[in-house]
Amino acid sequence: MATTLAQALNAALRDALHQDDSVVVFGEDVGTLGGVFRITDGLAGDLGEDRCFDTPLAESGIVGFALGMAMNGFRPVVEMQFDAFAYPAFEQLVSHAARMRNRTRGAVGVPMVVRVPYGGGIGGVEHHSDSSEAYYVHTPGLKVATPATVADAYSLLREAIADPDPVVFLEPKKLYWSKADVDLPVTTAPFGTAEVRRHGTDATLIAYGPALPVALAAAEAAAADGHDIEVLDLRTLVPFDDETVAASVRKTGRCVVVQEAAGFAGVGAEVAARVQERCFHSLHAPVLRVSGFDIPYPPPIVEKYHLPDVDRVLDAVARLQWDDEPDRRHLTRVPA
Amino acid sequence: MATTLAQALNAALRDALHQDDSVVVFGEDVGTLGGVFRITDGLAGDLGEDRCFDTPLAESGIVGFALGMAMNGFRPVVEMQFDAFAYPAFEQLVSHAARMRNRTRGAVGVPMVVRVPYGGGIGGVEHHSDSSEAYYVHTPGLKVATPATVADAYSLLREAIADPDPVVFLEPKKLYWSKADVDLPVTTAPFGTAEVRRHGTDATLIAYGPALPVALAAAEAAAADGHDIEVLDLRTLVPFDDETVAASVRKTGRCVVVQEAAGFAGVGAEVAARVQERCFHSLHAPVLRVSGFDIPYPPPIVEKYHLPDVDRVLDAVARLQWDDEPDRRHLTRVPA
Amino acid sequence: MTTQAEHRRTDGVAPSGAGDAGGVATRLLPSATPIRFLDDTGGTAPESARGGYEMPPTEMLVEAYRRMVLGRRFDAQATALTKQGRLAVYPSSHGQEACQIGGVLVLRDTDWMFPTYRESMALVARGIDPVEALTLLRGDWHCGYDPVATRTAPQCTPLATQSPHAVGLAYAARRRGEDTVALVYVGDGGTSEGDFHEALNFAGVFKAPVVFLVQNNRYAISVPLAKQTAAPALAYRGVGYGIRSEQVDGNDPIAVLSVLRHAVESARSGAGPFLVEAHTYRVEAHTNADDASRYRDAAEVAAWEGRDPLTRLETHLLAVGALSDEDIGAARQEAEAFAGRLRTRMNEDPDVDPRSLFVNVFAEPTPQLREQREWLEEELGAEDSRGGGEH
Amino acid sequence: MTTQAEHRRTDGVAPSGAGDAGGVATRLLPSATPIRFLDDTGGTAPESARGGYEMPPTEMLVEAYRRMVLGRRFDAQATALTKQGRLAVYPSSHGQEACQIGGVLVLRDTDWMFPTYRESMALVARGIDPVEALTLLRGDWHCGYDPVATRTAPQCTPLATQSPHAVGLAYAARRRGEDTVALVYVGDGGTSEGDFHEALNFAGVFKAPVVFLVQNNRYAISVPLAKQTAAPALAYRGVGYGIRSEQVDGNDPIAVLSVLRHAVESARSGAGPFLVEAHTYRVEAHTNADDASRYRDAAEVAAWEGRDPLTRLETHLLAVGALSDEDIGAARQEAEAFAGRLRTRMNEDPDVDPRSLFVNVFAEPTPQLREQREWLEEELGAEDSRGGGEH
Ligand SMILES: Cc1ncc(C[n+]2csc(CCOP(=O)(O)OP(=O)(O)O)c2C)c(N)n1
Ligand SMILES: Cc1ncc(C[n+]2csc(CCOP(=O)(O)OP(=O)(O)O)c2C)c(N)n1
Ligand SMILES: [Mg+2]
Ligand SMILES: [Mg+2]
């Protein structure tokens, strides 16, 4: 039966609530309404208002309150309504959730999940389309997961809830309505494991979350040009799967990273840096990045010009120096 | 006459206040006390309490209030008392300061400077030693400057205050008491210009802020091993000086980036990614990174094990495959 | 009652510190029940309910009526435009007209307004071109009007975050000796955010001429007021910041105008900030995308529709002879014409040059942005030479 | 006065919404002047100043005295240790002993305390090993004691950010049917942070058994209260969240104990959170690194030293015959011995294994952390084989 990614997330929450009394779900509009994306649909009604409930409208308060509950035996799963609305909670995430175990030499762990619908492509007005993953992955002490498939949505969320440490769980909102035939419950590979979503020999496309379908479509299109492209889905950004990534690039010798977020100091930068550190002698071309521009996320009508698409990925693949020609983009300095 | 970096910052604020009535300085303890690092020493007394004043203790409020003043003809320069205490202002910085000009199609610019003493090495207890630059550089719409020399402290801060856009001004607090013979006022190279602090031919060390002295000392030490090392000081992270960086690495063919911040998705990752994108065919070895570990900033007694030091930089230089030997670090997978 | 009004108008801000608190605190507290001039159906409320506030001039009430009629029609038109796919989303302020129009009418042109996404009606009442007012919600840009020219900040989406801007801007004006007041709209939900509190505190300390207008429409999307706060009323937040406060029946346009006029002129006179809580109701769903039946009863909505601000004002103005049936007809006709023009203009497809993505990130683009714009140019050029088509 | 005390003890939390506000709000408001039992020099304050609060049992006062003597000596010892380079920094709570000890004595072992960096004295009073209490400030780790075993959260540095933790933790306990109360210490400066407000609001909504103890010591580093807020008193913040509030003379140990006992037991009984503002004074500089002469007069300090909490309690207990000169001597001797042991133990150099940097980042280190630990191991190994030496 076809299940949407949103339904898989809902099922994961529901199953976790059923199986573990210490799990609680709360945030803005997650109770009676079931969340603006309906990810918590029916939970308050079916499991009770003490298991899934609305809070006052204050993200820092929500994360701080969750942390206090986590200090005292609960496993809170909180929702930030949209990516940009998690910023008021930054202090609580970075200075507290990420540090409590370390601060207390392991005496106080804070098992909590902060769910963040993220990314663009849904025609959202300002502040509803940010890709904020780089902020979290750069923060030691936070795990960061981001599913791109229906099965992973279920399995990674279950794993996040079971994790003894705080997990920022980034949900690609434009994939909420994507579907797959998956029987739930399902268990996929654990945190820290990248998946090869398409096998290939000529180049490696690395993606995660909302960019994965773009990478896969580009790989299909590239096949028409005679390039046999491998596509990796990182699944969790922290922990990072160096082994799978390095093995693929050592095999293919070429690599492109695709992300929606602004490029500068984004996850793609880290991936590129790691890959060239680890696979330097296998590389026939620099690791290239396809990303959003270094601009504030643009309004709906022009977001398509900002988001990585198949053409941009193909263009990057084409610049992978198949004929040993250096990348024209960086040969000469670009304009004034 | 020997001037400290702290004194140069003080002089820059003082001169800006004198020359431009729209400049105002405020924050926690910057008035009567002159700031916990005395960067605003004497300003309230000499220029008046309306030009340099204390605010309530609320970083989001400070940045938001500054933004409102900037919307209305002022050029606020605010101090966040320490790096980690800027996190409560994250929302105001990321969703407002960085976006106001873009949001209003240029109608409302917000010239404001957010000064942040940052980095470790001063024996500070928890939350007093973070290197938070990656959060800011990844945010489109913010400029990010970080001086490493006394002259730059003065000149870059003057330029930041004069800039029509919001600037996060990161002050390496462990260099506050570093000295140089500089006659103030002084004008150094503008934003977006990296400086070659040491000329060399064999490899390029790229650093900024608190890591610059480490890089310079390592270069001196490497000279003893027969390596002639070039050292670049980035000075501003946004805008980034691709030209100087690429020119140097194309010349030397080897590159190490040094930063205090945790490595994962830090500025060093961006530098490594850019360098290999632009200089792939000149590189004899991967671009290596020397950085803080991916851990919460440790307590004073063990911070020395966390911070990049000369030995670690030298070790990275030694791993630059001078004999075409691949980096042993990544040859085999490391332990379980 | 004059006495109460007198002391409400007393200037001077609370001194900080212990001991002398009692008297000051009492003076800062709001009326125990919301101020009202009209009863639920537009009849005259008992004099005591006015709390000593003054009846605004009749011309002001008539003008408010006219703009409320227009505002409501505009609001309905905007909702209709979402159904036709001409707006990405629209948060209606139907039922909140007293606050939408009241907040505008008490301001001078030189004053500033800080609206949220819900204040499209207020923007139009302020004289902003309705197409420019709807730019954010149509999705062609984040803000369609010029905030400086209109003294109206961009509609703010992250809740309450515009509050400290209003305080800084108003303080800046006062430093220059200008008599500008800033009025900031916040929702009941927004009051829970840390920024609201920090802004109140800054305003109190800097005696900034700011009026905080809390439109308590009893819901933050689906979350009812009782889950938002345990406060007896949100107006009680003021005293903790040394800020004079009032609560008002937000569906009584006369009361809203009267209290807001007083608050704005008090702020203008140098007496510091003012917090006004208007008890009102969001009659429509949160936005066209929301389904309010999931969390509230039709009966509740109906009860509030019985206190409709437009009807109440109309009833009152007819009763006192300040409005005729012809006036009503004229106001509706004007509104209809306005809506018609808007419909026509909104049927045009907006055109945004993709190159504009890079223009106003900074005053001067960085080399990196110039480079990235060049990449986009190349793509657009390639498309053009392939004969255009969707990107 | 019993009446006032009675109604203070009334349970039941304010209903939200308009109209019925008046009565509820009045019940939530603090006393107009700070509650006190003692006058400035330890004589008996007029009965009316007690606001109906009960005199705590004499044994409790004697115990408080003993711990205050010890606390003050500990505090002086810690300051001395900074001069000997044995502590990185120390924020003294000299002069705030009534709050430091009072906040501890009213709690049960099963209750939780949420201290800031200034509460080292309270930690010691709570029975935490003084060396573990000073671990943060010595710099060998961020927290030296086990928060779970001691029901004491790590000392919090980012101001007010511990407040929502206390609310969540207390709410969690109450959900399980436990009668745990959480007491959270916040400074006057800390009350300006958004997190303080959000925590108050959450506590009100969830009726969490939390006591917010604001130690208003009149300074946030150099910033005096008047620049921090225009509030008539910080206790007035409570009413805006439906939280019962009180203000108390924070240098009157009897008043502090009485009000805090009431607050804690009220919270424990299910009546929801309580906000207590204690008016006190930071006699020393902010920390040993601060120079308070830059921003305040010696005369001001002297005036407050005239209201010294320890002296006031001693005077009172001597007057009522609950304390003898021998008792005083014994308390001082105990304190001296305590300080001596601490001095000795703090003279040992702490030893932290560098490998521990990687241990508790996550419950299980990531592959990246294992790799990085390996790099450090290699360095340490190389050093060892070179015969050690500084890294
Ligand atoms: C910081 C932040 N968090 C969450 C949201 C998502 N959101 C948009 S509107 C809304 C409810 C706002 O309620 P209220 O403040 O009462 O205003 P109203 O919509 O009723 O006018 C929420 C939660 C947001 N815009 N900003
Ligand atoms: C969020 C945050 N901002 C700034 C600081 C720096 N800082 C440390 S103590 C202090 C003053 C605190 O004053 P108060 O809350 O009154 O507590 P006190 O020190 O008087 O006990 C400041 C500004 C901090 N620790 N946290
Ligand atoms: Mg609302
Ligand atoms: Mg204080």
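Chain letters run A, B, ... following the sequence lines, proteins first, then strands; residues in each count from 1.
In this structure, the portions of B:L283 lying under 4.5 Å from any heavy atom of chain A include both its backbone and its side chain. Using a 4.5 Å cut-off between heavy atoms, B:V238 contacts chain A through its side chain alone, with no backbone atom that close. In this structure, no portion of A:F85 lies under 4.5 Å from any heavy atom of chain B. In this structure, the portion of A:V94 lying under 4.5 Å from any heavy atom of chain B is its side chain and not its backbone. Contact of B:V287 with chain A is made through backbone and side chain together, with heavy-atom distances under 4.5 Å. The parts of B:T139 that come within reach of chain A are both its backbone and its side chain, each placing non-hydrogen atoms under 4.5 angstrom from that chain. With a 4.5 Å cut-off on non-hydrogen atoms, B:A98 touches chain A through its backbone but not through its side chain.
Ranked by heavy-atom pairs under 4.5 Å with chain B, the first of A:A265, A:G266, A:P88, A:A273 is A:A265. Considering only heavy-atom pairs separated by less than 4.5 Å from chain B, the leading option among A:H127, A:Q92, A:E59, A:R99 is A:R99. Counting heavy-atom pairs under 4.5 Å between each of A:A261, A:A262, A:A285 and chain B puts A:A285 at the top. Between chain B and the options A:P286, A:P140, A:S95, heavy-atom pairs under 4.5 Å are most frequent for A:P286.
The side-chain contact (heavy atoms from CB on, under 4.5 Å) with A:M80 is formed by just one residue from the set A:L93, A:V168, A:V63; it is A:V63.
A cation-pi geometry, defined here as NZ or CZ lying under 6.0 Å from the six-membered ring centre and within 45° of its normal, holds between B:R274 and B:F240.
Contact annotation: the side chain of A:I62 approaches that of A:E28 to within less than 4.5 Å [non-hydrogen atoms, C-beta and beyond]. Looking only at side-chain heavy atoms (C-beta outward), A:L142 and A:V167 stay at 4.5 Å or farther from each other. The closest side-chain heavy-atom distance from A:D83 to A:L170 is not below 4.5 Å. Counting heavy atoms from C-beta on, the side chains of A:E133 and A:Y208 come closer than 4.5 Å. Between A:P308 and A:E260 there is a side-chain heavy-atom pair separated by less than 4.5 Å. With contacts defined as side-chain heavy-atom distances shorter than 4.5 Å, the pair A:L307/A:F293 does not qualify.
With sequence neighbours left out, B:F90 forms a ring pair (Phe, Tyr, Trp, His ring centres under 6.0 Å) with A:Y87, A:F90, A:Y135.
Contacts between residues 103-111 of chain A and chain B, counted as heavy-atom pairs separated by less than 4.5 Å, involve A:R103.
Proximity of a side-chain donor or acceptor of B:T236 to a complementary backbone N or O of B:F191 within less than 3.5 Å is not detected.
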Could you go step by step and tell me if B:H138 and B:E270 meet the side-chain hydrogen bond (donor to acceptor under 3.5 Å, both in side chains) rule?
CA-CA 10 Å; B:H138 182 62; B:E270 178 63 33; over 6 Å; no
